[in-house]
Amino acid sequence: MEIQPLENLPATSSRVRFLAQFLKLSGPAFIRSMQTAGHSPSSDNWRFFLERLFLISGVSLLMVGIMSFFAFNWAALPYYYKLALPQGLMLIAVVAAALRGLDNPVSKALLVIAAVCAGIGLAMVGQTYQTGADPYSLFVAWALLILAWAIAARSAGLWLLEIVLINLGFILYWAQILHPLRWDGFDGGSPLERLLGQLLDFGLAQWLYMFNIVILVAWEVLALRATSWMQGRYLPRILGFLVLGLIMANTVSVIFVQHSDFAERALLLSPFFYLLATAAGLWFYQFKRRDMFMLAILAFSVVVVISSLVIKLFVSAGDAFRWDFEGFLFMFFFIGGTIIGQIYFMARWLRSVRIKWRTME
């Protein structure tokens, strides 16, 4: 075995700790060495994190305050105020962002506020004049209105809002235009309850999966090409969680439910899509774009699908045989042991991947 010089070895966390113990470094020296090796956040890292945290928190609270103001004072506001206030706030935010420059994080936050005000303005127009348009048209118009800002600002936050609006527009279009008869039972209840009820349509989930996975693949490909503003990980992680949740729900549905309708039989493709997405994701996020969060949710989805298959096998066996108390007890412990064993092996695998990444740094 060839022995490499010490200066050629990567400065992993375990090696830094070993050298610090061997050299008997003091506490401040050890902290400095960990920061130099990139294993401990420096004061600049903490300042950057806190700045982003307070900026995102402030923008979120401001947007909630603006929406709450119009919702609470709707009956008391004159028509001109209902129309002028959102547009005035939008104009102020856009002008302030333009004066500061679009590459500034504060400017990107101001454009997010302007985008929210644009949506509030569209809602005010619809409520004031009662145009009779379907609700999905609000989200489609909103997405089209802020598309130019998202392109110009190169802001992940604006693109996240854009993707959310397109998804909401498609969900409402599916429920109101393409398949309106399926949702007669969801006329009552809150808007959130009706939205959650519409998401129970597995055909809709499959279309949303295909749409969002195209966006996710495009984002990751552009990020690999060193597009600087796309290097953040929160947007692709949100998309990955959404995509995996949609196709995993369809796959579990195929396992437990007998689909007889022709449109529902198309769901039989969901396990194929799931296996393809899982295999591609495990390879991509392990070797091309190292992301432990994405590997973890992919591993968790494998546990869910395999556990569903095991439960389905026991349920099918229960239909053919009469289970006694010992049989149910065996089923309970077998399924529990299967889940625990999968989680154990997945955790071991994720840990080995993490160690491998550190040795390659």
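We count residues from 1, following the sequence as given.
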So which residues get pulled into Ile92's cluster when ILVMFWY side chains under 4.5 Å apart are joined, directly or through others?
->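 Answer for Ile92: none, a lone residue.
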
With a cutoff of under 4.5 Å between side-chain heavy atoms, which Ile, Leu, Val, Met, Phe, Trp and Tyr residues group with Val95?
->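 Val95 clusters with Leu91, Leu99.
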
Any salt bridge (charged side-chain N to carboxylate O under 4.0 Å, His left out) involving residues 67-77? Give me the pairs, sequence neighbours left out, ordered by first then second residue.
->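 The answer is none; no pair qualifies.
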
Scan residues 335-350 for pairs that pass salt bridge (charged side-chain N to carboxylate O under 4.0 Å, His left out), counting only residues two or more places apart or in two chains.
->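 For residues 335-350, and leaving out neighbouring residues, there are no salt bridge (charged side-chain N to carboxylate O under 4.0 Å, His left out) pairs at all.
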
Could I get the full list of side chain to side chain donor-acceptor pair (under 3.5 Å) partners for Ser307, not counting sequence neighbours?
->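 Only Gln342 meet the side chain to side chain donor-acceptor pair (under 3.5 Å) criterion with Ser307.
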
With Phe284 via ring-ring contact (aromatic ring centres under 6.0 Å, His included) - residues at least two apart =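 Per chain and number, Phe284 pairs via ring-ring contact (aromatic ring centres under 6.0 Å, His included) with no residue.
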
ring-ring contact (aromatic ring centres under 6.0 Å, His included) involving Tyr234 - partner list, sequence neighbours excluded |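 Once residues adjacent in sequence are excluded, Tyr234 has no partner under the ring-ring contact (aromatic ring centres under 6.0 Å, His included) criterion.
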
Which side-chain N or O atoms in residues 331-341 pair as donor and acceptor under 3.5 Å with protein atoms at least two apart or in another chain?
from   : atom 1 : to     : atom 2 : distance (Å)
Thr338 : OG1    : Phe334 : O      : 2.7

Going by the rule salt bridge (Lys or Arg N to Asp or Glu O under 4.0 Å), which residues pair with [X] if we only count those two or more places apart in sequence or in a different chain?
X      : result
Arg154 : Asp103
Glu220 : Arg233
Arg237 : Asp291

Name each donor-acceptor pair under 3.5 Å that joins a side chain in residues 48-68 to protein atoms two or more places apart or in another chain, with its distance.
from  : atom 1 : to    : atom 2 : distance (Å)
Ser57 : OG     : Leu53 : O      : 2.7
Ser60 : OG     : Ile56 : O      : 2.8
Ser68 : OG     : Val64 : O      : 2.8

Consider only side-chain N and O atoms of Ser270 and Tyr209, and report whether a donor and an acceptor are under 3.5 Å apart.
->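 No, Tyr209 and Ser270 have no side-chain donor paired with an acceptor closer than 3.5 Å.
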
